[in-house]
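Written below as structure tokens is the structure these notes are about.
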Amino acid sequence: MISCLSLSSYSFCEKIALKKYRRCVKTGCIKRPQVVSGAKKDGFGLRVFVLSDLHTDYPENMAWVRSLSTKRHDKDVLLVAGDVAEMYDNFILTMSLLKERFEYVFFVPGNHDLWCRWETEDFDSLEKLNKLLDACKQLGVETNPAVIDGLGIIPLFSWYHEACKDFHACKWPGNLSNRDTSLALYFDSMNEKNQNTVKQIQSTCSQIITFSHFVPRQELCPEKRMLFYPNLPKIIGSDWLEDRIRSIHGVESSSFACHVFGHTHFCWDAVVDGISRYVQAPLACPRERKRRMNGGETWLPFRIYLDGEFGAKVMPCYWSDYYAINPRTPSNTELAPWVARFYNLI
């Protein structure tokens, strides 16, 4: 049985989050070997696809997963960046279907994966997390860092700082709470057990993809005045997640670094502070796909990597494209026209 850190280790979680304990990240500290393309077989080298926010409790989304081709190649990798399903049975079915279609499947949990409100068994969210991780192990789904054909792949556990609906849908034991930073600290500390593996990957892999469910930076979300749900920026991620990512990729500009995330359901593809790609490719909810450009069907899963090279930009990608040519203006509090019209109708 794969187990999370015990609650007795929470004081350790607090320690590693304190500034004086934070991982030292220096410009140019990451030394990568030369890029070597993977060997091709049957016309394909290593292919890496990414996908988040499947939400297969919706029948339409489960049908989409079933519709994916079962024809696979022996070097196809899928990174699933959380929010697979709220119901445990739907999670198992979804991951089983994905494992039939991809040689390697990697997973990190999202907040919806840990909801307990409709489960028939009586367990809290940490117990459910253990149950999901144990199921992944039995299915052959990876939840730990690994190297495939010279490419380092590092799943990162994470949570966010503030409270929202998860406060009611999740059940947390002891001194873990959605009302403070304890969950963000706890989930970040789960990554510590993999530090030796991460160091090996850093020393041997020229290219590394990290991925999480939650969002590492505010720049990867539209500004508050642009959103119908203005509290969204408070519940997307944590500073410790970005610290963790930078400790792996470094801060010096690199074309060999990529981080994949999910959670907000906004397609995203951007370069921020030197990391060549921050990418989100969500399936999202059926109503979102009908009403706006968030989420996708025909172009997902998105292929981010092929035979030693990162792929073209995510399409469509409205918001990151917008911010590529328009600066963020945090001092501007005027609601965007589409948001203002919404409030005028209420």
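The first residue in the sequence is number 1, and the count goes up from there.
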Taking the side chain as every heavy atom from C-beta outward, state whether [X] and [Y] have any pair of such atoms under 4.5 Å apart.
{"X": "Leu97", "Y": "Met62", "result": "yes"}
{"X": "Met226", "Y": "Leu232", "result": "no"}
{"X": "Phe102", "Y": "Val77", "result": "no"}
{"X": "Leu98", "Y": "Leu68", "result": "yes"}
{"X": "Asp53", "Y": "Glu288", "result": "no"}
{"X": "Val108", "Y": "Leu156", "result": "no"}
{"X": "Asp134", "Y": "Asn130", "result": "no"}
{"X": "Cys116", "Y": "Asp124", "result": "no"}

Roughly how far, to the nearest 0.5 Å, is the [atom2] atom of [Y] from the [atom1] atom of [X]?
{"X": "Leu126", "Y": "Phe187", "atom1": "CG", "atom2": "CZ", "answer": "6.0 Å"}
{"X": "Asp188", "Y": "Leu183", "atom1": "CG", "atom2": "CG", "answer": "12.5 Å"}
{"X": "Ile304", "Y": "Phe49", "atom1": "CD1", "atom2": "CZ", "answer": "11.5 Å"}
{"X": "Thr333", "Y": "Lys224", "atom1": "OG1", "atom2": "NZ", "answer": "9.5 Å"}
{"X": "Ile248", "Y": "Gln202", "atom1": "CD1", "atom2": "CD", "answer": "6.5 Å"}
{"X": "Trp159", "Y": "Ile235", "atom1": "CH2", "atom2": "CD1", "answer": "11.0 Å"}

Distance-only, no hydrogens or angles: does the [X] side chain make a donor-acceptor pair with backbone N or O of [Y] under 3.5 Å?
{"X": "Thr143", "Y": "Phe107", "result": "no"}
{"X": "Arg117", "Y": "Ala169", "result": "no"}
{"X": "Asp57", "Y": "Glu86", "result": "yes"}
{"X": "Arg303", "Y": "Ala312", "result": "no"}
{"X": "Trp268", "Y": "Gly262", "result": "no"}
{"X": "Lys313", "Y": "Asp269", "result": "yes"}
{"X": "Asn191", "Y": "Phe157", "result": "yes"}
{"X": "Asp113", "Y": "Gly110", "result": "yes"}
{"X": "Ser238", "Y": "Leu241", "result": "yes"}
{"X": "Gln280", "Y": "Phe266", "result": "yes"}

[X] vs [Y] aromatic rings, parallel, tilted or perpendicular, using cut-offs 30° and 60°?
{"X": "His213", "Y": "His263", "answer": "perpendicular"}
{"X": "Phe261", "Y": "His259", "answer": "parallel"}
{"X": "Tyr305", "Y": "Phe310", "answer": "perpendicular"}

Would you say [Y] ends up clustered with [X] if hydrophobic residues are merged whenever their side chains have heavy atoms under 4.5 Å apart, either directly or through other cluster members?
{"X": "Tyr58", "Y": "Val84", "result": "no"}
{"X": "Phe106", "Y": "Leu139", "result": "yes"}
{"X": "Tyr323", "Y": "Leu335", "result": "yes"}

Counting only heavy atoms not in Lys128, do more than 12 fall under 6.0 Å of its NZ?
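Buried by this count: over 12 neighbours within 6.0 Å.
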Kindly check if the number of other-residue, nucleotide or ligand heavy atoms within 6.0 Å of CG (Asn326) is above 12?
yes
Cationic N near anionic O, under 4.0 Å, Arg287 to Glu60
no
Quick test of your reading of the model: are Lys131 and Glu127 salt-bridged, counting only N-O distances below 4.0 Å?
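Looking at Glu127 together with Lys131, the answer is no, because their closest N to O distance does not fall below 4.0 Å.
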Which pair of non-hydrogen atoms, one from [X] and one from [Y], has the smallest distance, and what is that distance?
{"X": "Ser212", "Y": "Ser158", "result": "CB-OG, 3.8 Å"}
{"X": "Phe214", "Y": "Ile236", "result": "CB-O, 3.3 Å"}
{"X": "Lys193", "Y": "Asn144", "result": "NZ-OD1, 2.9 Å"}
{"X": "Cys258", "Y": "His249", "result": "O-NE2, 3.4 Å"}

Walk me through whether Cys136 and Phe91 qualify under side-chain contact (heavy atoms from CB on, under 4.5 Å).
CA-CA 10 Å; Cys136 285; Phe91 175 88; 3.9 Å; yes
For Asn61, run the side chain to side chain donor-acceptor pair (under 3.5 Å) check against Arg289, Arg66, His55 and tell me which one passes.
Arg289
Verify whether the ring centers belonging to Phe123 and Tyr88 lie closer than 6.0 Å.
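No: the rings miss the under 6.0 Å criterion.
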Give me the one residue out of Leu51, Leu54, Val314 that meets side chain to side chain contact (heavy atoms under 4.5 Å, CB included) with Leu300.
Leu51
Do we see a donor-acceptor contact under 3.5 Å between the side chains of Tyr278 and Glu219?
no
Give the intermediate values and the outcome of side-chain hydrogen bond (donor to acceptor under 3.5 Å, both in side chains) for residues Asn196 and Gln200.
CA-CA 6 Å; Asn196 289 337; Gln200 290 177 346; over 6 Å; no
Take Arg244 and Val198 through the side-chain contact (heavy atoms from CB on, under 4.5 Å) test and state the conclusion after the steps.
CA-CA 11 Å; Arg244 182 74 60 175; Val198 169; over 6 Å; no
Give the intermediate values and the outcome of side-chain contact (heavy atoms from CB on, under 4.5 Å) for residues Leu227 and Val339.
CA-CA 7 Å; Leu227 300 167; Val339 179; 5.8 Å; no
For Arg47 and Glu103: C-alpha separation, side-chain torsions, deciding distance, then whether salt bridge (Lys or Arg N to Asp or Glu O under 4.0 Å) applies.
CA-CA 10 Å; Arg47 305 193 301 180; Glu103 182 68 20; over 6 Å; no
Run the numbers on Glu223 and Arg328 for salt bridge (Lys or Arg N to Asp or Glu O under 4.0 Å), then give the verdict.
CA-CA 7 Å; Glu223 295 164 275; Arg328 298 176 75 91; 5.1 Å; no
